[in-house]
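Note sheet for the following structure.
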Number of protein chains: 2
Amino acid sequence: MIKCAKCRQIDFVQKSGIVRGKQRYFCKACDYHFTLPEAVENRKNKPRHQVTIIDIANELGISKSTVSRALRGHTDIHEGTRKMILDLAQQLEYQPNPLANALLKSRTNIVGILVPEFRHYFFPTVIMGAQEILSKAGYNVMICQSDESYDTEVANVKALMNSRVDGLLVSVTTQTNNVDHFRTVLRKEVPLVFFNRVCPELDTPQVIVDDYAGAFQAVEHLVQQGYRRIAHLAGPVSLLVSRLRMKGYLDALQKHGLPVDNELIIHYDLTEEKARIYANYLLSLPQPPDAIFAINDPTAIEIMLVAKSRGVKIPQELGIVGFSNDPISAIIEPPLTTVEQPVWEMGRQAARILLEQMENPRIETYQLPTRLVVRGSSVNC
Amino acid sequence: MIKCAKCRQIDFVQKSGIVRGKQRYFCKACDYHFTLPEAVENRKNKPRHQVTIIDIANELGISKSTVSRALRGHTDIHEGTRKMILDLAQQLEYQPNPLANALLKSRTNIVGILVPEFRHYFFPTVIMGAQEILSKAGYNVMICQSDESYDTEVANVKALMNSRVDGLLVSVTTQTNNVDHFRTVLRKEVPLVFFNRVCPELDTPQVIVDDYAGAFQAVEHLVQQGYRRIAHLAGPVSLLVSRLRMKGYLDALQKHGLPVDNELIIHYDLTEEKARIYANYLLSLPQPPDAIFAINDPTAIEIMLVAKSRGVKIPQELGIVGFSNDPISAIIEPPLTTVEQPVWEMGRQAARILLEQMENPRIETYQLPTRLVVRGSSVNC
DNA sequence: CTGTTAGCGCATTCAA
DNA sequence: TTGAATGCGCTAACAG
């Protein structure tokens with residue numbers, strides 16, 4: 001089945017020895033010597049050769065289009081032919097090559113997920129939720145983590161775009177102030193959904209929880225427990241989630257007539273070391289707080305460890321509330337009061353919206369509920 | 001630049017109206033009406049059109065081969081031409097389409113990582129280590145988690161193979177007894193490296209830690225602390241890691257002349273619920289153990305919680321040692337004695353070996369060291 | 001109902 | 001030094 005490279009006839013071609021490792025051919029019709037393109041040659045003796053529709057077509061003596069149609073389940077096919085094809089495909093363990101399809105359709109069936117870290121409970125869980133929905137819908141997932149570095153985030157977005165992902169699920173870093181890299185994504189019309197750490201300045205869907213209400217309840221709870229000098233170890237101002245929780249904190253204080261002391265409000269970059277430093281700072285103030293509302297559970301736990309190491313009694317001398325309901329918070333001693341958010345569901349929801357976005361784009365912010373879980377770290381009895 | 005679909009001439013073709021949304025063309029030479037393939041038509045007016053070498057070639061009035069060569073950095077190119085091409089490419093923000101390349105070379109530059117779960121510290125950390133190495137080497141990573149389900153694992157392997165990953169990093173589920181799906185991978189000559197939960201029966205590299213020594217030290221430590229009736233809440237027999245840690249446990253008992261009591265050895269499936277059930281079971285034996293060596297930290301922590309809930313004092317009435325040095329173990333009360341393993345490094349190592357495997361396959365088992373970290377949960381003072 | 005043809009974007013081979 | 005032709009595997013349009 002080898003055509004002459006010159007006269008295109010097939011009946012006169014024969015092998016004519018091997019030169020520098022390459023099989024050479026000779027056409028008796030036009031007296032022409034030639035070698036086959038490497039790919040074709042490889043095709044013949046590669047052990048890991050994947051079965052293609054051409055193999056099936058050749059085997060059956062029909063055209064590859066017919067095979068394609070049968071495999072794709074088109075209706076206008078002779079029943080016998082279809083059966084032949086399907087049987088052989090099964091027997092040969094035929095697997096369509098998604099690369100070819102991707103090239104043809106410019107669709108990879110891959111969704112990129114970009115998160116700042118996955119050391120803690122939160123992001124891995126969101127990812128699992130997203131994966132649940134996405135894999136049901138036939139998508140594979142490519143996960144990147146930016147390690148809270150803006151540069152890495154930019155590089156990751158570039159890499160994912162370069163891999164031609166069909167959509168992007170993103171939670172930004174604490175350092176992300178410039179969002180041009182996401183503008184590029186939108187310009188190329190690649191569906192993009194933010195979750196948790198969102199970019200409200202971009203016209204694309206966002207999935208968040210009711211951070212304001214959660215924070216408000218948390219602080220109100222502290223007030224009701226009798227705490228009066230409540231500090232807030234907050235996230236960086238760049239993140240909407242920080243600002244919303246901050247607002248909940250402030251409004252709760254205000255509602256209950258408590259003064260806002262700026263000394264007790266600290267924005268930080270969510271790293272462990274800084275959490276420890278600021279916790280120590282707060283506890284060594286001349287007038288230390290009697291309670292701290294932390295932006296999230298890892299922060300709350302760092303505070304707790306610092307407090308313990310300083311001999312500060314929880315909850316008697318210091319009430320602590322976190323955010324997220326990380327499983328650790330139930331385990332630690334004393335168990336941590338925290339604001340539960342539907343983490344798994346957030347992943348599912350973000351994925352659903354991304355899928356929807358691929359069909360008919362709509363820009364909306366989706367908000368999931370939060371719920372206060374009261375535990376020992378804040379019950380001042 | 002449109003050729004007639006019949007006579008292949010280009011000079012006589014003109015548009016002839018739009019029918020059902022499709023542009024139709026008309027050849028004045030051969031009097032033939034036709035439409036262009038969808039792809040070509042799309043190409044003309046797609047907003048998200050990516051720049052290709054053809055665009056560059058057309059713009060410059062040269063052939064795409066030349067452009068390709070210039071971009072690929074071949075030497076046999078006129079310096080002026082090269083510069084022209086490179087400049088225009090930069091200006092147009094040309095990005096080579098990896099899909100085309102993948103199709104051509106049968107290489108995707110994607111590595112699949114398959115883990116049983118990522119709820120806990122261990123697997124996410126390994127993944128981060130692997131990613132560090134792989135992305136440096138120009139690979140993207142596709143992560144799947146099987147949720148400890150054999151069927152999901154098989155499906156995931158299939159999906160990853162179907163995506164034509166260039167290599168696979170795997171840790172199997174507790175249920176994986178049949179490894180035919182991995183045999184398929186090897187048969188197709190896709191590099192495969194196991195880590196942590198490995199498949200020694202397969203001829204492919206494995207990365208593990210010195211589980212035996214770690215377990216031995218852990219149990220010996222318990223003996224030295226004066227514990228005499230040491231139980232072992234072990235992993236499923238199907239996992240090599242369970243068997244090795246079990247052996248370490250048994251040998252340590254034997255070395256110190258302690259009897260092996262089968263009642264005190266329990267294999268389980270690593271689920272939280274079962275951990276709790278068996279912990280309760282052990283503690284309610286007529287002759288309960290005075291110490292428990294747990295297969296891993298999550299298990300140890302479940303045991304600790306159960307013990308606390310039953311009012312059993314740790315470490316006075318019950319010594320506990322885990323395995324992995326999960327960050328939680330330092331935080332929990334009392335802090336957990338555990339066997340540290342270089343988790344991050346395990347990911348890096350597995351990735352390195354996978355890369356090496358792509359060059360020159362070699363079958364070896366790589367073992368990383370472990371180290372006992374003594375904390376409060378086992379110091380019987 | 002089926003075969004032919006074209007093209008997705010690229011690298012490569014051969015001919016000039 | 002360059003261009004034309006080929007094929008990676010597949011689908012879709014079109015012509016019988």
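Below, read A as the first sequence line, B as the second, and so on, with proteins coming before strands; counting in each chain starts at 1.
Shown here for A:T152 and A:Q145, the closest heavy-atom pair between the two residues is CG2-O, 4.0 Å.
For B:Y139, the ring pair (Phe, Tyr, Trp, His ring centres under 6.0 Å) criterion is met by no residue, not counting sequence neighbours. Not counting sequence neighbours, A:R164 has no partner by the salt bridge (charged side-chain N to carboxylate O under 4.0 Å, His left out) test. For A:E59, there are no salt bridge (charged side-chain N to carboxylate O under 4.0 Å, His left out) partners at least two apart in sequence or on another chain.
When distances run from any side-chain atom of A:R69 to the nucleotides D:dA13, D:dT11, C:dG9, the shortest one goes to D:dA13. Listed candidates were C:dG9, C:dA11, D:dC10. Nearest to the side chain of B:K105 is C:dA11.
DNA chain D is contacted by A:K64, A:S65 of residues 59-67 of chain A, taking any non-hydrogen atom closer than 4.0 Å. For residues 75-87 of chain B, proximity to DNA chain D is found at B:D76, B:I77, B:H78, B:T81, defined as any non-hydrogen atom under 4.0 angstrom from a strand atom.
Screening B:L354, B:V185, B:T204, B:L186 against B:L168 for a side-chain contact (heavy atoms from CB on, under 4.5 Å) leaves a single residue, B:V185.
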**Item:** Check against side chain to side chain contact (heavy atoms under 4.5 Å, CB included), A:R352 and A:L355
**Value:** CA-CA 5 Å; A:R352 277 193 223 104; A:L355 294 175; 5.6 Å; no
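Side-chain nitrogen and oxygen atoms of A:S68 include at least one within less than 4.0 Å of the OP1 or OP2 phosphate oxygen of D:dT11.
Applying the side-chain hydrogen bond (donor to acceptor under 3.5 Å, both in side chains) rule to pairs touching residues 86-97 of chain B yields B:K83-B:D87, sequence neighbours excluded.
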